[in-house]
Undergrad: 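Please find one structure pasted underneath; my questions will follow.
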Amino acid sequence: MASSENKTARTLADLGATQPAQISTLFLEARERFDSDSLSARDESSWKQFRDTWLGRKSGVLTQITDNWLKTATPELKRVVGAALNKLRAHVESQIEERRKAIESGAEESAAARERMDLSLPGVIRPLGSHHLIRQVFQQIEDIFFSIGFSVVEGPEIETPYYNFEALNIPEFHPVRDDMDTFYLDLPKGAPQPLLLRTHTSPMQIRTMEKRQPPVRVIVPGKVYRRDNPDATHSFIFHQVEGLAVDQDITFCDFTGTIEYFVKQFFGAGVKTRFRPSYFPFTEPSVEFDVSCIFCGGSGAAAGGGTCSKCKGSGWIELFGAGMVDPAVYGFVKYDAKKVSGFAFGMGIDRLAMLKYGIDDIQVFFQNDVRFLRQFP
Ligand code: DAH
């Protein structure tokens, strides 16, 4: 027997349907086919296909039935076919609409289920960070100097040669410039002046004195840059804290007293200190400041015998440069060198942190390896 699908494509005469009972059977088959088809309409796209199969204007099943069964029916059967077709059409249309509603509300339900907030889930736990060791050491140093009346100033990392060198009494062909292999910026032709990454925080001495009249008591924490090759003690970027105190009657005693106070606060009261003569163009006299070796307690001997590798047996560790401000520098900032005096110092923070925390490679400060950072919460 031909399937009901084929039947709607054929005329009643072709199907040999001449009795009302046969018509009823044909419509019953069509309805059964529709009902089983409707099960396939499970989402929007299969529903559309299902709708078009049945209601499509050109070749939908109902159109086929109209064309092949109703229009070709003998006058006696037309009424029966017409009535059965109307019943089928009503069923088809109402069921298709039912399916649409079911699919729509199903989609809404599952969207609602997707969006529902589950308050029993634990929240996102973000690990708390901590300050980098360099930042912590900056803060320790700042606190010590705050306690004796200093304040913090900060300045540009891109400097002019005037502030980085000339105004610090380092003229263009002075040999100390060779110690500070410098990063100059690649500027467009016709730029008014060369620019460089500051090689030290000392330019802020000049910028501060240009802006303020004595008394001046500032420290300058910041990053500095030199064209150094990286190794355990060198990095092309590192950190300094500059210090400057200028007033009417600051003496060498104020200078040594301040520095010693700082070092004992920072490393502990047990350390011994010493000053050695040195040279910087912007201080006169200049000193190099040493502390007794933190590792061997100043004995020069390693704990397990032999010489201490940190101070190479000398018992002393060089900490930083300092001195009384050279009167020539006051000339650049229009201070009266006959009336004012002061001292300055510039310490390497990475070095201080390495000594205080027993770190033997400066590179760890820049690698941001959490295994290192976690040790200094
Ligand atoms: N600016 C010097 C440097 O980076 C360090 C220094 C030495 C700074 C003596 C000072 C100072 O203020 O008085 O090598």
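Counting convention: from 1, in listed order, for ligands and their atoms alike.
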Undergrad: Any chance you could measure Phe50, atom CZ, to Phe34, atom CZ, to the nearest 0.5 Å?
TA: 3.5 Å
Undergrad: Please work out whether the ring planes of His174 and Tyr279 are parallel, tilted or perpendicular, with thresholds of 30° and 60°.
TA: parallel
Undergrad: May I ask you to list the atoms of ligand 1 that are less than 4.0 angstrom from any heavy atom of Gly323?
TA: 13 (O)
Undergrad: For Thr251 and Asp254, does a side-chain donor sit closer than 3.5 Å to a side-chain acceptor?
TA: yes
Undergrad: Has the side chain of Trp69 got a donor or acceptor atom that lies under 3.5 Å from a matching backbone atom of Lys7?
TA: yes
Undergrad: Between Gln205 and ligand 1, is there a nitrogen or oxygen pair with a distance under 3.5 Å?
TA: yes
Undergrad: Distance under 4.0 Å to a non-hydrogen atom of Thr283: what atoms of ligand 1 satisfy this?
TA: 13 (O)
Undergrad: With heavy-atom distances below 4.0 Å as the criterion, list the atoms of ligand 1 near Gly321.
TA: 7 (C), 9 (C), 11 (C)
Undergrad: For the residue pair Gln193 and Thr160, confirm or rule out a side-chain donor-acceptor distance under 3.5 Å.
TA: no
Undergrad: Would you say Gln136's side chain and His131's backbone share a donor-acceptor pair under 3.5 angstrom?
TA: yes
Undergrad: Answer side chain, backbone, both or neither: which part of Phe282 comes under 4.0 Å from ligand 1, heavy atoms only.
TA: side chain
Undergrad: Salt-bridge test for Arg100 and Glu104: reply yes if a basic N is under 4.0 Å from a carboxylate O, no otherwise.
TA: yes
Undergrad: Can you list the ligand 1 atoms lying under 4.0 Å from a non-hydrogen atom of Phe280?
TA: 7 (C), 9 (C)
Undergrad: Which atoms of ligand 1 have any heavy atom of Ala344 under 4.0 Å away?
TA: 12 (O), 13 (O)
Undergrad: Can you tell me the protein heavy atom closest to atom 5 (C) of ligand 1 and the distance?
TA: Gly346 O, 3.9 Å
Undergrad: Below 4.0 Å, non-hydrogen atoms only: which portion of Arg226 touches ligand 1? Side chain, backbone, both or neither.
TA: side chain
Undergrad: Would Ala322 count as a polar contact of ligand 1, with the cut-off being nitrogen or oxygen pairs under 3.5 Å?
TA: no
Undergrad: Classify the contact between Ser202 and ligand 1 as side chain, backbone, both or neither, using a heavy-atom distance cut-off of under 4.0 Å.
TA: side chain
Undergrad: Who's closest to atom 12 (O) of ligand 1 heavy-atom-wise, of Glu242, His200, Met204?
TA: Glu242
Undergrad: Which ligand 1 atoms does Gln240 reach within 4.0 Å, using its non-hydrogen atoms?
TA: 3 (C), 4 (O)
Undergrad: Would you call the rings of Phe145 and Phe150 parallel, tilted or perpendicular, where under 30° means parallel and over 60° means perpendicular?
TA: perpendicular
Undergrad: Please answer: with hydrophobic residues joined when any side-chain heavy atoms are less than 4.5 Å apart, are Val220 and Phe343 in the same cluster?
TA: no
